[in-house]
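The shown structure was predicted, so the numbers you read here are calculated from the model rather than taken from an experiment. Side-chain atoms are counted along with the backbone in the values below, which use heavy atoms only and exclude waters and symmetry mates.
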Amino acid sequence: QVQLVESGGGLVQAGDSLRLSCVGSGRAFSSYAVGWFRQAPGKEREFVAALRWSGGNTYYTHYADSMKGRFTISRDNAKNTVYLQMKSLKPEDTAVYYCAADPRNTAQATFRGYDYWGQGTQVTVSA
């Protein structure tokens with residue numbers, strides 16, 4: 001079992017930046033694929049970004065088209081933490097952001113591909 005805890009959300013102005021953190025439990029966490037998803041009220045859960053371990057210290061990253069150029073996913077294995085750096089935030093980015101882990105290391109763009117989920121962190125972007 002893996003436990004995930006997100007943090008770093010908050011209320012910001014349009015154009016601001018935030019860095020979200022996802023801390024995973026267990027020493028095997030560094031070998032798991034991790035995805036970020038978001039969900040706004042009344043909307044479906046949306047894929048944001050994913051990271052897959054590719055061996056050694058290399059990782060494959062994948063982003064939703066609307067997030068490319070603004071969001072960056074990364075990880076720090078010494079801290080068992082995966083980050084989502086968000087820049088140039090827009091009101092439409094307002095949502096609860098979740099991290100998810102996949103022990104199969106597949107980095108899928110669908111929420112069905114992940115076994116473990118955090119409780120989410122709220123990001124609110126005002127105009």
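- Residue Tyr63 holds its OH atom at 9.5 Å from CZ of Phe47, rounded to the nearest 0.5 Å.
- Legend: residues meeting side-chain hydrogen bond (donor to acceptor under 3.5 Å, both in side chains) with Glu44, ordered by chain and number and at least two apart, are absent.
- Contact of the Ser66 side chain with the Glu46 side chain is registered, since non-hydrogen atoms from C-beta on lie closer than 4.5 Å.
- A continuous path of ILVMFWY side-chain contacts below 4.5 Å connects Val12 to Leu20, so both sit in one hydrophobic cluster.
- Side chain to side chain, Thr110 and Gln108 fail the donor-acceptor criterion of an N or O pair below 3.5 Å.
- Ser25 contributes a side-chain N or O that, together with a main-chain N or O of Gln3, makes up a donor-acceptor pair within less than 3.5 Å.
- Both Tyr32 and Val48 sit in one connected hydrophobic cluster of ILVMFWY residues. Membership requires side-chain heavy atoms under 4.5 Å apart, directly or through other members.
- In this structure, the side chain of Tyr98 does not engage the main chain of Glu6 through any donor-acceptor pair within 3.5 Å.
- Distance alone, capped at 3.5 Å, is enough to place a donor-acceptor pair between the Asn80 side chain and the Gly26 backbone.
- Side-chain atoms of Asn105 come within 3.5 Å of backbone N or O of Trp53 as a donor-acceptor pair.
- Using a 4.5 Å heavy-atom cutoff, the side chains of Val123 and Met86 are in contact.
- The same ILVMFWY cluster, assembled from side-chain heavy atoms under 4.5 Å apart, contains both Leu4 and Tyr59.
- Under the side chain to side chain donor-acceptor pair (under 3.5 Å) criterion, the residue pairs touching residues 113-127 are Gln13-Ser126, Arg104-Asp115, Gln122-Thr124, with sequence neighbours excluded.
- Between the OH atom of Tyr97 and the CG atom of Leu84 there is a distance of 7.5 Å, given to the nearest 0.5 Å.
- A donor-acceptor pair under 3.5 Å is absent between the side-chain atoms of Thr61 and the main chain of Leu51, judged by distance alone.
- If you chain together hydrophobic residues whose side chains sit under 4.5 Å apart, Phe71 and Val96 never meet in one group.
- To the nearest 0.5 Å, the span separating NE2 on His62 from NZ on Lys68 amounts to 7.0 Å.
- Residues Ser88 and Ser17 share a closest heavy-atom pair of N-OG, 4.2 Å.
- To the nearest 0.5 Å, atom CG of residue Asp16 and atom NZ of residue Lys87 are 13.5 Å apart.
- The CG atom of Leu18 lies 14.5 Å from the OH atom of Tyr83; values are rounded to the nearest 0.5 Å.
- Interatomic distance, CE of Met67 versus CG of Asp93, reported as 7.5 Å (0.5 Å rounding).
- Among all heavy-atom pairs drawn from Ala40 and Ala95, the shortest one is N-CB, 3.9 Å.
- Cation-pi geometry between Arg75 and Phe29 is satisfied (NZ or CZ under 6.0 Å from the ring centre, within 45° of the ring normal).
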